[in-house]
Amino acid sequence: MKRSEETRSMIVLSASQCADMEGALRKEWLETNGIGGYASSTIVECNTRRYHGLLVSNLPERGGRFVLLSTLEDSLILGEKEHFLTTHRYPDLFFPGDRSTLAAFTLDLQPRFTYRIGGVEIRKELLLLHGEDTLLIRYVIDGLRESARLKIRPFIAYRNIHELTFENDNLRRDEEAFEKGKITAPYYDMPALFVDIEGPGSMCSEPHWYLDFEYGEEERRGFPCREDLFTPGCLDVGPVAGDPLIICFSTLKKGRGLNEAWENEILRRKKELNSSPEEPMKDPSGVLRRSARHFITGTAGNRTSIIAGYHWFYEWGRDSLISLPGLTFHAGRIAEGVEILSGIAGLCRNGRVANTISEAKGDSSFNSVDATLWFFWCVQELMSVTGDLGLVRDRFWTVLCDMLTAYAVGGEHMKVMDNGLLDVGDASTQLTWMDATVGGIPVTPRHGCPVEINALWYNALCMMRGLALQYGMEIPGIDIERLCGKVKRSIQELFWIPSERYLADVWLPGEKRRDGSIRPNQIFAVSLPHSALDPEQRRAVVKIVTERLLTPCGLRTLDPADPRYCGEYRGGPEERDRAYHQGTVWPWLLGHYGEALLSVSDDHDTVRNTLMPVLQYLEEHLLHAGLGHISEVFDGEPPHRPGGCIAQAWSTAEVIRLTALLNKRGVLRHFGRNTDG
């Protein structure tokens, strides 16, 4: 029998995996609501990050995401004995203990926790409603032979995701409000939290601070790791039987009808998952396709956008444009991708795409020189999937011309040199994707002429030259044919190191020398649709990147033989920032590496043998860290421990795009677990 998409994409963790507390605390789940909010924790419901929470709302007017409802303490009372479900960590101890009653964790359309207490089975499911800050929690209890009740104690934080809260006298307590189903907004200018129950139950006001919740991941990351949380009281639900019980926490007053709201959201997700995209991505497991949907959100201005990563990233121009083809075009979401691309175009200023994009008007940062150049590549990807030159002419030709003119004229942080190359920044700036700083000083100084910036520049020039011919149009003020020739010659003469047969990372015009660091940035000079290199040079670049930088989970950011190489991404903020682009592995680079490999090899066996171990490694990774997602980074050295964000947009996007490319070439049949047995 053919399984449905939601069954095929199911992730199931066994009782033994749940019982391993150390391992369980490293497995995190993520729910999103389509407007920038989320719910997330570990599979044993023990928060290990300040970013974890059951209702984390995106409040643009307040400056970002806020943890409203942090966690619950829920328990089943059988006779005279109370059995706790969730786990909390305090200094030197777990409560109720380091052995959970969790028997299984399932992630399909929503996270589901199965607890077993003797012969009683409790199924608990969490669901965020799309387009609003509403959390539904459903309990189904089977095997009861005596009277039972559920006791649910909510803990609220009401603070920015980057902060922690502590016991204080500023919190407003309104005991009557909780009894009526509303937690009065505990702080001024913050939304209220409404509580509703679908089923028998009552709310009892018991306001109290619980102290010293401990977050192990924050401690490992070198940040403060203890927090106080406030509970307004308890929900006493029961007597319970086999019928579902639904508890609702929301910034909206929902009233009854929670069962209907639950069923409607489940139906919406099934339709979304099973819908036939315009050009289906061959992803039988559905895991990557589901991951992709978490990053596409609406904004307060009704603009569809891409969140760079969970839990702490927002919308970034560079990340959005690198992610967009994989999340939309190659996943069959053409119209959605065009809408997002048009929205980004509408936010341009003086022909430049913002690097960080804020929903607050005029509050965006333009400290990037490559975000705009990735826009050209996005349009190329759109054309490669649809072949629709008319769409590009009607929707994007004018903005593309504005962008190209802005770069040709130059301006803040950049200029076109006489040799045609882009010269960007100075010793104090970090304008490329390798942008980490420590104490305000760039860790990887890349001012001058970075190789990928000029590869992108050459690609944009060649693309516009071709479109101008196709459309019979001109680009005023630019001798594009002459400029293309100059850039091509300069890349070959100034970046190519003949004795070592690879491309330098940066040409420093002021010092007339190369930075010969072996980094993955040179791969873009091969992978982009227009390359300035000859065939032998392209093959040589792919060879050295394969030999020095390729790992099972992505490309290292620096050759391990380099004395500056950092093989582990861990420690405090400064230590991690020093390693961020000095050896740490980034999976998003796999898309361009795979495309470069395909461009220099017609031997499918070679491509398959190189990439299959990588895809298999990432397939297994979907069962660790952020469940169903690909992490932001990995250690440069085995066992390549994941780090950074548990779910990163361009990591997922570029693996989707690579999979689509390999399927199109007939190299691989699919990427994903074969769950059909």
Side-chain angles (χ1 to χ4, degrees), residues 308 316-322 348-357 364-377 402-461 483 486-487 490-491 493-495 503-525 528 532 557-558 562 564 574 577-582 584 586 588-589:
W316 291 64
R318 175 194 294 123
D319 295 55
S320 294
L321 291 167
I322 291 173
C348 287
R349 191 169 72 195
N350 299 323
R352 299 279 295 278
V353 173
N355 189 31
T356 57
I357 300 173
S364 297
S365 170
F366 290 80
N367 60 333
S368 162
V369 293
D370 59 335
T372 306
L373 297 173
W374 283 113
F375 192 99
F376 291 88
W377 175 74
D402 289 344
M403 290 175 175
L404 200 74
T405 300
Y407 271 65
V409 171
E412 185 181 12
H413 301 315
M414 67 178 184
K415 65 179 179 181
V416 177
M417 299 193 301
D418 291 341
N419 61 12
L421 296 181
L422 282 176
D423 179 10
V424 303
D426 56 43
S428 67
T429 59
Q430 284 293 70
L431 306 176
T432 73
W433 79 277
M434 291 187 168
D435 56 1
T437 61
V438 172
I441 300 174
V443 177
T444 54
R446 303 190 70 238
H447 59 284
C449 304
V451 64
E452 85 280 10
I453 301 300
N454 282 283
L456 284 160
W457 171 232
Y458 178 74
N459 177 65
L461 289 167
L483 191 52
K486 289 168 67 174
V487 176
S490 296
I491 288 176
E493 292 172 4
L494 299 178
F495 288 94
L503 293 176
D505 192 55
V506 181
W507 166 254
L508 295 145
E511 303 173 38
K512 291 187 168 42
R513 68 173 181 88
R514 304 181 183 102
D515 174 357
S517 304
I518 298 177
R519 296 190 183 274
N521 302 305
Q522 60 186 303
I523 204 69
F524 299 106
L528 292 167
T557 41
L558 186 63
D562 193 297
R564 299 166 297 173
E574 181 175 321
D577 283 344
R578 290 192 184 281
Y580 208 33
H581 303 113
Q582 297 288 71
T584 296
W586 291 73
W588 82 268
L589 297 166

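Given the structure is predicted, the values throughout are model-derived calculations rather than measurements. Throughout, residue positions are numbered sequentially from 1 according to the sequence presented.
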Check: Of the non-hydrogen atoms in Val451 and Ala504, which two are nearest, and what is the gap between them?
Finding: CB-O, 3.4 Å

Note to self: Quick check: do Leu456 and Leu528 have side-chain heavy atoms less than 4.5 Å from each other?
What the structure shows: yes

Item checked: side-chain hydrogen bond (donor to acceptor under 3.5 Å, both in side chains) against Asp515, all qualifying residues, sequence neighbours excluded -> Ser517

Notebook entry, point to check: In Å, rounded to the nearest 0.5 Å, how long is the span from OG1 of Thr432 to CG of Asn521?
Noted result: 6.5 Å

Check: Do you know the tightest heavy-atom contact between Pro509 and Gly448?
Finding: CD-CA, 4.0 Å

Check: Do the ring planes of His581 and Trp586 sit parallel (below 30°), tilted (30 to 60°) or perpendicular (above 60°)?
Finding: parallel

Next item on the list: May I ask you to decide whether Arg519 forms a salt bridge with Glu452, counting only side-chain N to carboxylate O separations under 4.0 Å?
Entry: no

Item checked: Close side-chain approach of Lys512 to Leu508, heavy-atom, < 4.5 Å -> no

Note to self: Are the side chains of His447 and Pro445 in contact, using a 4.5 Å heavy-atom criterion?
What the structure shows: yes

Checklist line | Within-4.5 Å side-chain heavy-atom neighbours: Phe495 and Leu421 | finding: yes

Check: What is the minimum heavy-atom distance between Ala371 and Ala354, and which atoms define it?
Finding: CB-O, 4.3 Å

Checklist line | Closest approach of Thr444 to Gln582 (non-hydrogen atoms, all atoms of both residues) | finding: CG2-OE1, 3.1 Å

Item checked: Interatomic spacing from OG1 in Thr437 to CG in Asp577 - rounded to 0.5 Å -> 6.5 Å

Check: Would Gln522 and Asp505 satisfy side-chain contact (heavy atoms from CB on, under 4.5 Å), going step by step from the backbone distance to the final call?
Finding: CA-CA 7 Å; Gln522 60 186 303; Asp505 192 55; over 6 Å; no

Next item on the list: Show your working on side-chain contact (heavy atoms from CB on, under 4.5 Å) between Ile491 and Tyr458 and close with a plain yes or no.
Entry: CA-CA 9 Å; Ile491 288 176; Tyr458 178 74; 4.2 Å; yes

Checklist line | Note, Thr557 side chain near Trp433 side chain (heavy atom, < 4.5 Å) | finding: yes

Item checked: Side-chain heavy atoms of Ser368 within contact of His413, under 4.5 Å -> no

Note to self: Under a 3.5 Å distance rule, please check whether Tyr407 uses its side chain to pair with a backbone N or O of Met414 as donor and acceptor.
What the structure shows: no

Item checked: Full working for side-chain contact (heavy atoms from CB on, under 4.5 Å) between Ser490 and Met417 -> CA-CA 10 Å; Ser490 296; Met417 299 193 301; over 6 Å; no

Checklist line | Check: Arg578 main-chain N/O paired with Glu574 side-chain donor or acceptor under 3.5 Å | finding: no

Note to self: Return the CZ to OG1 distance between Arg446 and Thr429, rounded to the nearest 0.5 Å.
What the structure shows: 11.5 Å

Checklist line | Test item: side-chain donor near acceptor, Trp507 and Asn454, under 3.5 Å | finding: no

Notebook entry, point to check: For the atom pair OG1 (Thr372) and CZ (Arg352), what is the distance rounded to the nearest 0.5 Å?
Noted result: 5.5 Å

Checklist line | Qualifying residues under ring-ring contact (aromatic ring centres under 6.0 Å, His included), relative to Trp374, sequence neighbours excluded | finding: Trp377, Phe524, His592

Next item on the list: Could you check if a side-chain atom of Asn419 sits within less than 4.5 angstrom of a side-chain atom of Val487, using non-hydrogen atoms only?
Entry: no

Check: Would you say Asn350 has more than 12 foreign heavy atoms packed within less than 6.0 Å of its CG?
Finding: no

Check: Can you find a pair of side-chain heavy atoms, one from Leu483 and one from Trp457, that are under 4.5 Å apart?
Finding: yes

Checklist line | Inter- and intrachain pairs under salt bridge (Lys or Arg N to Asp or Glu O under 4.0 Å), touching residues 404-414, at least two apart | finding: none

Next item on the list: Of all the heavy-atom pairs spanning Pro442 and Gln430, show the shortest one and how long it is.
Entry: CB-CD, 3.2 Å

Checklist line | Gap between atom CZ of Phe376 and atom CG of Leu373 - 0.5 Å precision | finding: 6.5 Å

Next item on the list: Look up atom OG in Ser320 and atom CD1 in Ile357, then write down how far apart they are to the nearest 0.5 Å.
Entry: 5.5 Å

Notebook entry, point to check: At their closest point, which heavy atom of Met403 faces which heavy atom of Val353, and how far apart are they?
Noted result: CE-CG2, 3.8 Å

Note to self: With a 3.5 Å distance limit and no angle check, can you tell me whether Lys415 reaches the backbone of Leu422 through a side-chain donor-acceptor pair?
What the structure shows: no

